[in-house]
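Structure record follows, encoded as structure tokens.
Note that these values count all heavy atoms, side chains included, but never hydrogens, waters or copies made by symmetry.
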Amino acid sequence: MNSRIFQHNTFTTLSSGFYKGTITLKEALEHGSVGIGTLDTANGEVTIINGIAYHGDSENHVRLVEEDETMPYVAMVEHQPIAKFTDSSVSNSEDFLSARQLIQQQIPLILLL
């Protein structure tokens with residue numbers, strides 16, 4: 001399996017007060033389809049799932065991010081699952097924990113750390 005992580009800037013840069021976007025979402029998506037980041041002025045978080053970016057702001061509003069919007073920080077990965085499991089019986093946290101135990105039995109523990 002070939003995996004790579006792309007990171008544009010660092011948390012230290014953000015905590016130092018640099019909030020000006022220097023990479024567009026379109027550019028970030030060239031490096032993966034899953035990631036996290038923040039937009040200009042660091043107002044909220046950006047979550048990228050399957051190449052779709054969602055911005056959650058400080059007032060709990062969520063919207064889609066446009067490709068030309070810029071980010072001062074983003075980390076991306078091209079996720080390649082080694083196995084997939086489907087269990088339609090999982091409907092609450094107790095079911096989820098039971099399902100997680102089943103998955104752990106089938107995948108070596110080191111992959112879940």
Minimum heavy-atom distance between [X] and [Y], given as atom pair plus value:
{"X": "Tyr54", "Y": "Val65", "result": "C-CG2, 4.0 Å"}
{"X": "Leu14", "Y": "Tyr19", "result": "O-CE2, 3.3 Å"}
{"X": "Val46", "Y": "Ala53", "result": "CG1-CB, 4.1 Å"}
{"X": "Met76", "Y": "Ala28", "result": "CG-O, 3.6 Å"}

- Task: Report the residues that fulfil side-chain contact (heavy atoms from CB on, under 4.5 Å) with Lys20, sequence neighbours left out, ordered by chain and then residue number.
- Result: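 Checked Lys20 against side-chain contact (heavy atoms from CB on, under 4.5 Å); matches are Phe18.
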- Could you pull out all residues at least two apart from Glu27 that satisfy side-chain contact (heavy atoms from CB on, under 4.5 Å)?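 For Glu27 the side-chain contact (heavy atoms from CB on, under 4.5 Å) partners, ignoring immediate neighbours, are Ile23, Thr24.
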Could you give the side-chain donor-acceptor pairs of residues 29-43 under 3.5 Å, partners two or more places apart or in another chain?
{"unit_1": "Ser33", "atom_1": "OG", "unit_2": "Glu78", "atom_2": "OE2", "d": "3.1"}
{"unit_1": "Thr38", "atom_1": "OG1", "unit_2": "Gly44", "atom_2": "O", "d": "2.9"}
{"unit_1": "Asp40", "atom_1": "OD1", "unit_2": "Gly21", "atom_2": "N", "d": "2.2"}
{"unit_1": "Asp40", "atom_1": "OD1", "unit_2": "Thr70", "atom_2": "OG1", "d": "3.2"}
{"unit_1": "Asp40", "atom_1": "OD2", "unit_2": "Thr70", "atom_2": "OG1", "d": "2.9"}
{"unit_1": "Asn43", "atom_1": "OD1", "unit_2": "Ser58", "atom_2": "N", "d": "3.4"}
{"unit_1": "Asn43", "atom_1": "OD1", "unit_2": "Ser58", "atom_2": "OG", "d": "3.4"}

- Message: Between Thr13 and Thr10, is there a side-chain donor-acceptor contact under 3.5 Å, judged purely by atom types and distance?
- Response: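 Looking only at side-chain atoms, Thr13 and Thr10 do form a donor-acceptor pair, the distance falling under 3.5 Å.
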- Item | Qualifying residues under side-chain hydrogen bond (donor to acceptor under 3.5 Å, both in side chains), relative to His55, sequence neighbours excluded |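 Result, side-chain hydrogen bond (donor to acceptor under 3.5 Å, both in side chains) vs His55: none returned.
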- Item | 4.5 Å side-chain heavy-atom contact, Ile48 and Leu25 |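 Counting from C-beta outward, Ile48 and Leu25 do come under 4.5 Å.
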- Task: Enumerate the residue pairs fulfilling salt bridge (charged side-chain N to carboxylate O under 4.0 Å, His left out) with a member in residues 47-67, sequence neighbours excluded, ordered by first and then second residue.
- Result: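 Matches after skipping sequence neighbours: Arg63-Glu69.
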